[in-house]
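Each chain gets a letter, A, B and so on, in the order the sequences are listed, and its residues count up from 1.
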There are 2 protein chains.
Amino acid sequence: MSHHLKELLRNFGLKVTEARLQVLQVLINSDEALSHSDIQERMDDAQLDKVTLYRTLSAFEEKGLAHKVATEDLNWRYAVHLEHSENGEPDEQHAHFVCNKCDRIYCFPVEGEDNVVTIQQKEGFVIKEQEIRLHGLCPDCKT
Amino acid sequence: MSHHLKELLRNFGLKVTEARLQVLQVLINSDEALSHSDIQERMDDAQLDKVTLYRTLSAFEEKGLAHKVATEDLNWRYAVHLEHSENGEPDEQHAHFVCNKCDRIYCFPVEGEDNVVTIQQKEGFVIKEQEIRLHGLCPDCKT
DNA sequence: TTAAGTGCAAAATCTTTGCAAATGT
DNA sequence: ACATTTGCAAAGATTTTGCACTTAA
């Protein structure tokens, strides 16, 4: 399994290092996008220097291993997108659920053409990607 | 017209001050959501202290005169939403266009029920609001 | 061996807080 | 006159940069 992670890093043109393995592990174990501090908290054993974490995350992002989303609390949250492995292209449509209370982000499945929004086209704008953001309460916060 | 602005501030329970009139003027004149620094740039004549600007924007936001959106460059952008004046409730659906190049945000019209996205409901999540984000190139950047 | 990644300290940003002076009602 | 708002300075928080040391290929 650590084997799997190493291969993944190599596939994205990243050198295999301890720091990257650990951060990748944390990201993969999570079903939600994680902020810088979320990740730090989940590495309580082998603490990384925060600068290294910043750089690790940018490296993931540049190579397309992870993507980042800006949240309502003005922090980047990172999530790995393994489906991108093939061509390096991002999906054309994302759906993210943002919890109003705890600010966590979850990726939601968007399946089928029916879900494409038909916004009135505005003259002069080139639309490349649609992102749907759902705001509300996540299971942990809804009670 | 300055008359109009004063009335607007009062309607939202805000004292009328020079700083607020100016910031409101700038926001209203714009068809896109503006960041803190965007606003500063557009007030080159009568410069406000930046702390005052922060506080002015929070005041607008708290009272519901403006709403803020987190952008891909990790800055808040503010826009006035005059339609909200009536009940203070935000719209249930927003559409924002985010330019990939210059990070500007434009509000897009969403008209009619047809445009509501039908995402597969996930167990345990309470969805309160849908926001649609379109990413691409704005007229200024598309060439 | 050699280019890339890491950690520390320090700089640069960005945002918030405290408080005295100024302003609006 | 009194509560709010403003501006300045200074504190906090977050992110980036520089550079010597270490590590992966």
Participant: Report the distance from atom OH of A:Tyr54 to atom C1' of C:dT13, rounded to the nearest whole Å.
Facilitator: 11 Å
Participant: State the OG-CZ distance between A:Ser30 and A:Arg42, to the nearest 0.5 angstrom.
Facilitator: 5.0 Å
Participant: Roughly how far, to the nearest 0.5 Å, is CD1 of B:Ile39 from CG of B:Leu34?
Facilitator: 5.5 Å
Participant: Find the distance B:Trp76:CH2 to C:dT13:C1' and express it as a whole number of Å.
Facilitator: 18 Å
Participant: Quick check for you: to the nearest 0.5 Å, what is the distance between A:His36 atom NE2 and A:Arg77 atom CZ?
Facilitator: 12.5 Å
Participant: Starting at CD of A:Glu61, measure out to NZ of A:Lys68 and round the result to the nearest 0.5 Å.
Facilitator: 4.0 Å
Participant: Could you state the interatomic distance from CD (B:Glu62) to CG (B:Leu57), rounded to the nearest 0.5 Å?
Facilitator: 11.5 Å
Participant: Without decimals, in angstroms, what is the distance between B:Glu61 CD and C:dT16 C1'?
Facilitator: 16 Å
Participant: Does B:Val69 reach the side chain of B:Tyr78, with side-chain heavy atoms less than 4.5 Å apart?
Facilitator: no
Participant: For the pair made of CG in B:Asn75 and P in C:dT13, what is the distance, rounded to whole Å?
Facilitator: 14 Å
Participant: Compute the angle between the rotation axes at the two ends of the helix from C:dT1-D:dA25 to C:dT25-D:dA1, each taken over five pairs, rounded to 10 degrees.
Facilitator: 40°
Participant: Any side-chain heavy-atom pair from A:Gln25 and A:Leu5 closer than 4.5 angstrom?
Facilitator: yes
Participant: Output, in order, the C-alpha distance, side-chain angles, deciding distance and verdict of side-chain contact (heavy atoms from CB on, under 4.5 Å) for B:Val51 and B:Arg55.
Facilitator: CA-CA 6 Å; B:Val51 176; B:Arg55 290 196 270 225; 3.2 Å; yes
Participant: With rounding to the nearest 0.5 Å, note down the distance linking CG in A:Leu8 to CG in A:Leu65.
Facilitator: 5.0 Å
Participant: Quick check: do A:Val80 and A:His67 have side-chain heavy atoms less than 4.5 Å from each other?
Facilitator: no
Participant: All N/O contacts under 3.5 Å from nucleotides 4-6 of chain C to the protein, with atom names and distances to one decimal?
Facilitator:
residue	atom	partner	partner atom	Å
C:dA4	O4'	A:Lys15	NZ	3.1
C:dG5	OP1	A:Arg20	NH1	3.0
C:dG5	OP1	A:Arg20	NH2	2.7
C:dT6	OP1	A:Thr17	OG1	2.8

Participant: Can you give me the first and the last nucleotide of DNA chain D (5' to 3') that has an atom within less than 4.0 angstrom of a non-hydrogen atom in chain A?
Facilitator: D:dT14 to D:dA25
